[in-house]
Amino acid sequence: MRKKLVAGNWKMHGGLQANSALLDRIVESLPSLACDVLVCVPFPYLFQVAERLAGSRLALGAQNVSEHAAGAFTGEVSAPMLAELGCSFVIVGHSERRALYGEGDLLVAAKCKAVLAAGMWPVLCVGETLAEREAGETLAVVARQLRAVIDCVGVASFSRMVVAYEPVWAIGTGMTASPVQAEVVHAAIRRQFAELDSVVAEGLRILYGGSVKPQNAMELFAQPNIDGGLIGGAALVADDFLAICHAAN
Ligand code: 13P
């Protein structure tokens, strides 16, 4: 039985005061939550959030990472730096990074490798655009995105990874994939792993992301292959984020 994981992706939002208030609410609610909970915050707030979370079971993650461990890469942040600051997860290959910053499958794979080498868990994001869905390419696109990473890090590494299926057309749009639409893709992802390693496939947590709200979370999380959520907008509102966590209980 896979334990549900609810992960907040704050994206480029936050502020010292607002973070503090949001974290207070989440930390005080942790005892009532059965799921694992993670917050992925902007780089400048990692230190603040790490201090606030110390001793709690709320996990800390980053939203991006360099594929290099160190060196002359102005403006980049390495995986060992994130690990030292207390991160245990890093989002890799978010569709916003793929679409807006030109990250391709090979770079995403290299970043996953860097995260694993630093002892953290990649949260590998995959998902199709609306045009790809309408062309009937959803499963092929997702399989290709996964294959690039499997080829680079090996299937066994996925025992220390999380996959997030985030259809691009559902992110920030209010257009959630229906539970059935999402489950079809989640089941296909698990089949892809099952063909390579049945134990890894069975243990792999596959999160759904894209306009998850308190109103739709429970039905999504009830699907057999949906093991939690990667939450954007609703992760910034304490009541909404906590309601989503409760839906995973
Ligand atoms: P929204 O929940 O705002 O649609 O964002 C989803 C997402 O991209 C999480 O990584």
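Ligands are counted one by one from 1 in listed order, and the atoms in each one are counted from 1 as well. Keep in mind it's a predicted model, so treat the numbers as computed, not measured.
Here the side chains of Asp105 and Arg98 are in contact, with some heavy-atom distance below 4.5 Å. Proximity of Gln63 to Met12: side-chain heavy atoms (C-beta onward) are nowhere separated by under 4.5 Å. Annotation: side chain of Phe241 is not in contact with side chain of Leu22 (no heavy-atom distance under 4.5 Å).
Here CG of Leu23 is found 9.5 Å from CG of Leu60. Values are rounded to the nearest 0.5 Å.
A parallel orientation is assigned to the rings of His68 and Phe73, their planes being inclined by less than 30° (bins at 30° and 60°).
Through side-chain heavy atoms spaced under 4.5 Å, either directly or across other Ile, Leu, Val, Met, Phe, Trp or Tyr residues, Phe89 is tied to Leu5, Leu38, Ile91, Trp121, Val123, Val162, Leu207, Leu230.
Sorted by chain then number, the residues whose non-hydrogen atoms approach ligand 1 to under 4.0 Å are Asn9, Lys11, His94, Glu166, Ala170, Ile171, Gly172, Gly210, Ser211, Leu230, Gly232, Gly233.
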